[in-house]
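We use all heavy atoms of the structure for the numbers below, so side chains are in, but hydrogens, waters and symmetry mates are not.
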Amino acid sequence: MSNNNIRQLVLENAVKYKGKANKKFVFGSVLANIPEYKTKQKELHEILDNLVAEINSLDLEKQKQELEKLNPDFFEKKDKVERDIFAFLNIKKGDKVISAFPPSPEKYYHIGHAKAILLNYLLSEKYNGKFYLRFEDTNPENVLPEFYDIMLEDIGWLGVKWDGVQYASDYIDLFVSYAEKLIKEDKAYMCFCSAEVTSEKRNKKEECACRNHTIAENLKYWKELPSYSEGKAVLRLKIDMSHKNTRMRDPTIFRRIDKPHPRIGNKYNIYPMYDFQNPIMDGYFNITHRFRTVEFEMASELHHYIRNILGLYDTYTYEFSRFNLEGMESSGRVIREKVNSGELIGWDDPSLPTLRALKRRGFTPEAIKQLVVESGITKAAGSTLTWDTLIKYNKRILNDSSKRFFFIKEPVEIKIEGDKERTFFLEMHPALSLGKRDFKTNGLYLLEKEDIDSFKDKILVRLMDNINFIYDAKTKTGKFHSEDYLSFKNFSGEKKIIHYLPKDNTQTIQATIFFPDHKLIRGLAEKNIETIKVGDIIQFERFGFCRLDSIKTENGNKIFNFWFTH
């Protein structure tokens, strides 16, 4: 039975790391799960040598099939989360699913927006449907042209693949034709009341005299709207001024705007309101499902109403609670003020939850996706999640993919007596074949000041995957003890494992690390980081995950500049 359990653990490790089990990882797992082998470690090494070689010779699909027989639960957890999140929709196999997300090109999106984007995309992906991006850009006053590309870039970074990109501003003629249809059916009228009067009457549930215009009068005024001064008149739906939902009290659906449109210039000067444009685009393009946040809940009744009176496909919409990351500023107005004042370096400042900032800092789209799934789809009051939740998912992903390197922020030189001159190699990842790092030593090392300050006399110190030495507190030097890990493990006195750098300018490179609180630390990293490129996320051992942000040259020396991830 134990051998089957060991085989299962080897298979799980192999599947987790894309077909290649790592004996060192499995060895520790076996000792943790099958205690009887703690006294039979030599036998365990022989068993694992054979099992790892055999299982690594199988292709990944064969490994998965065998693991499915031994431990089917290994595959069920993720599938269950993905399957259940949309269960309440009761979508059946073969049902048509077309979803969309409508960005407004006016601001940087943050992690809260990511939830709506991903829910709509994941729904279409789950049911092999289609997903569209639709720029809701029918208010020239709110359209900033640079955000068309910014949003495509940010949404694409989330891993979203769309079947098409639409621009609502391309469909002004469509909105105009539907508006005229409603006027001719006496379901819309031209109103000349000021915004203040309209708001007052809406609050009092009172109709205005404009509601009594004839169809002919409304058509005449409608045709004249492009020649009116801005604000003189609007087109309103004729619904019910006493309706309990204020959005249903004869809402405005068209108005004049004089500002040129960034995409279509001065072609039009009348534009639909959001609450008219949005439901028409959903219905006209047969969008079957749309998820959006709770602030659209009152608009939902109006949107269904508009699609129904126009004879359009009635999209199913579901409003869910938004979530916020605790302690993070997400207000666009506040962020803009801080950026303009210089308090923040930009919309990608490492302290922000914007998608740009998360990307630059080193968070992964997969971690954000897992956070979205965990927060669920509910109408309950918005939940506040902590950074720890997002970090938990991101660490798990980065831990399984990031190369390892050494970084020393306050280097102090130490000599290890008896350490022979040699070249040695360390793995860039403990379980994946991501390459090796080469080091040369002559007994001189750079250690963290913090580590040396913590050493007690006669402590056994292990330089990670290198050598063990005894520290002499009086001389502040070390004496070679051994090379193998077992000698360190079996040492009965005080001991510690640390990272290090060779004391050799040819093997180190200057590096900086920028923190979310804007603290900048400088230090030395191993020369092997020259193998990575800007944008790569690595782990500095015993320090944290960092993303390489830039490589610069100062006084002829290369400096690798990182952003601290977590």
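Scanning for side chain to side chain donor-acceptor pair (under 3.5 Å) contacts around Gln539 gives Arg404, with sequence neighbours left out. By the salt bridge (charged side-chain N to carboxylate O under 4.0 Å, His left out) test, Arg292 pairs with Glu319, sequence neighbours left out. Residues passing the side chain to side chain donor-acceptor pair (under 3.5 Å) test with Arg336, sequence neighbours excluded: none. Applying the salt bridge (charged side-chain N to carboxylate O under 4.0 Å, His left out) rule to Lys201 yields the partners Glu206; only residues at least two apart in sequence or on another chain are considered. Asp400 meets the side chain to side chain donor-acceptor pair (under 3.5 Å) test with Tyr17; sequence neighbours excluded. Under the salt bridge (charged side-chain N to carboxylate O under 4.0 Å, His left out) criterion, Lys449 pairs with Asp453, sequence neighbours left out.
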*CA sep, side-chain torsions, deciding dist, call: Tyr148, Phe135, ring pair (Phe, Tyr, Trp, His ring centres under 6.0 Å)*: CA-CA 8 Å; Tyr148 287 109; Phe135 284 106; 5.1 Å; yes
*Walk me through it: do Arg263 and Asp170 pass the test salt bridge (Lys or Arg N to Asp or Glu O under 4.0 Å)?*
CA-CA 9 Å; Arg263 287 189 69 246; Asp170 287 340; 3.0 Å; yes
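Here the two rings, on Phe514 and Trp563, have centers that are under 6.0 Å apart. For Phe363 and Trp387, the ring centers sit closer than 6.0 Å to each other.
Of the candidates Phe405, Phe560, Phe545, Phe562, Phe562 is the only one forming a ring-ring contact (aromatic ring centres under 6.0 Å, His included) with Phe540.
The pair Arg134-Asp282 meets the salt-bridge criterion, since a charged nitrogen lies less than 4.0 angstrom from a carboxylate oxygen.
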